[in-house]
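Notes for the one structure printed next.
Worth saying up front: this structure is predicted, and the values here are computed from it rather than measured. To find a chain, count down the sequence lines: A is the first, B the second, and so on, and within it residues start at 1.
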Number of protein chains: 2
Amino acid sequence: MARQARALATRQAVLLAAAEVFDERGYAAATMSEILDRAGVTKGALYFHFRSKEELALAVIEGQGAWIATWAPSSDSPVQTLIDLGYAFAHALLDDPMLRGSIRLTIEHGSFTQPQIAAYQGWTDLVHTLLERARDAGDLHPGIDLAAAAAVITGAITGIQLSSQVLAERRDLIKRMADLWTLLLPGLVQPHALARLSVAERADS
Amino acid sequence: MARQARALATRQAVLLAAAEVFDERGYAAATMSEILDRAGVTKGALYFHFRSKEELALAVIEGQGAWIATWAPSSDSPVQTLIDLGYAFAHALLDDPMLRGSIRLTIEHGSFTQPQIAAYQGWTDLVHTLLERARDAGDLHPGIDLAAAAAVITGAITGIQLSSQVLAERRDLIKRMADLWTLLLPGLVQPHALARLSVAERADS
DNA sequence: GGTAGGATACCTACTGGACGGTATGCGCCC
DNA sequence: GGGCGCATACCGTCCAGTAGGTATCCTACC
């Protein structure tokens, strides 16, 4: 697997361009030509690295896994970490074309079905783990169904992000995220824990 | 505008088939041929009623407006009505292909941008109105930002529905809706009002 | 350290098919 | 009998993917 540095660079260029185009047009409406142009690469180069349009899309979707993998807890408090995760995700959506394309492809449950489920599951698992820690810390209301709460939270964030994109090109995404936590947290965490949380975005990571 | 009955029938057949195909494949991946086949109609008939693929899609999106227009409040309590609206929407998503296609097209912020915003806005306005009534009835926490809450609720329902579709083909949609209300309501309504609500689906409409 | 030779990385031109849309014609209801 | 409603055949375009060639790099042997 001793690849050349140049090869890795073009591969990355293709991935980035593909993520951008997929994000803007969606899978079916995206054309290889536009990806080619934007990457500054020829067809031969692209099809050397990716055997088909679908394989390219799958590689873009994989970007989510990479993002999750590099993410690190930001606080001792699990719930605060969950809130911060939401904001980190929001900022990544605003800044990182790779994640944007990945998210759009995931949301478009289209021809390829399996990997989307994996991507969704990755987020839900992450949230679920944080909720478990919060429960063990005694921060949550007793009797909360963690799996249900994790599914609702990931689903809600998905929808918030989507509606913010359609209605305002994500300009109000951060505010919408704050609004979501304001509404959700009272049903999730106990008052004593709620008092210690910063619902608005915090200064540090 | 005295149209023939037959014409209206084929127009409806085309709309229904289009909604189904758009729902299953998305706008770009949907082909006119498949819509034609499923509607049992020829190209000439379709293009007599709709001048282009885009115009057909817009007509499908309009189905949402029709659904909202026919919907009627189910309870004296505004919040209960809001909850019931969520379940009614969920059932319509499970049963009504027209609404399904319309929702998918709305979610796919694609080539045509304007009407999606209108569709989103229709839902948000409806929720906003119900929240206003709830506030006037003294059911909500004081100081709640109604516009923000309306945006979060519609966004969250959008996302719940979407993740339920991707992960479980909407099989757990009703449960997810119940989970959402369980989490959301404590942050929205005051305890005395919460006690009177039925979060789970009710027997009547 | 120079070069043979194979593998890696990339380029260009092309193809086959599908797709949205149109032109034209024809029967049937009012 | 005229226009509404539909049928059929056709067209130009565009797109994913491929064929086949070329350049660039790495390794190894002398």
Run the side-chain donor-acceptor check on residues 66-73 of chain B: report pairs under 3.5 Å with partners two or more places apart or on a different chain.
{"from": "B:Thr70", "atom 1": "OG1", "to": "B:Ala66", "atom 2": "O", "distance (Å)": "3.4"}
{"from": "B:Thr70", "atom 1": "OG1", "to": "B:Trp67", "atom 2": "O", "distance (Å)": "3.0"}

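- Nucleic acid contact for B:Ala29: none, since no nucleic acid atom lies under 4.0 Å from a heavy atom of the residue.
- For C:dC10, the OP1/OP2 oxygens have a side-chain nitrogen or oxygen of A:Thr10 closer than 4.0 Å.
- In terms of phosphate contacts, A:His49 brings a side-chain nitrogen or oxygen within less than 4.0 Å of OP1 or OP2 of C:dC10.
- The CD atom of B:Glu54 sits 19 Å away from the P atom of C:dC19 (whole-angstrom rounding).
- Figure legend: A:Lys53 and A:Tyr27 shown as a cation-pi pair, the cationic atom lying under 6.0 angstrom from the six-membered ring centre and within 45 degrees of its axis.
- Candidate nucleotides D:dC15, D:dG17, C:dC19 were compared by shortest atom distance to the side chain of A:Lys53, and D:dG17 ranks first.
- The CE atom of B:Met32 sits 18 Å away from the P atom of C:dA18 (whole-angstrom rounding).
- The distance from atom OH of B:Tyr27 to atom P of C:dC19 is 14 Å, rounded to the nearest whole Å.
- The separation between B:Phe50 atom CZ and D:dG5 atom P is 13 Å, rounded to whole Å.
- Counting heavy-atom neighbours within 6.0 Å of A:Asp136 CG, excluding the residue itself, gives a total above 12.
- If you check every strand for non-hydrogen atoms under 4.0 Å, A:Ala9 touches nothing.
- Within a heavy-atom distance below 4.0 Å of DNA chain C, the residues of residues 39-48 of chain B found are B:Lys43, B:Tyr47.
- Only one option out of A:Leu131, A:Asp125, A:Thr124, A:Thr129 pairs with A:Val127 in a side chain to side chain contact (heavy atoms under 4.5 Å, CB included); it is A:Leu131.
- Proximity of A:Tyr47 to A:Thr42: side-chain heavy atoms (C-beta onward) are nowhere separated by under 4.5 Å.
- Counted by atom type alone, A:Gln116 and A:Thr106 present zero donor-acceptor pairs between their side chains at under 3.5 Å.
- If you measure from atom CD of A:Glu34 to atom C1' of D:dC15, you get 13 Å, rounded to the nearest angstrom.
- Between the CZ atom of B:Arg11 and the C1' atom of D:dC4 there is a distance of 15 Å, rounded to whole Å.
- Contact annotation: the side chain of B:Arg25 approaches that of B:Glu34 to within less than 4.5 Å [non-hydrogen atoms, C-beta and beyond].
- Summarising the geometry, the separation between CZ on B:Arg51 and P on C:dG21 is reported as 12 Å, rounded to the nearest angstrom.
- Straight-line distance from the CZ atom of A:Arg25 to the C1' atom of D:dC14: 15 Å, rounded to whole Å.
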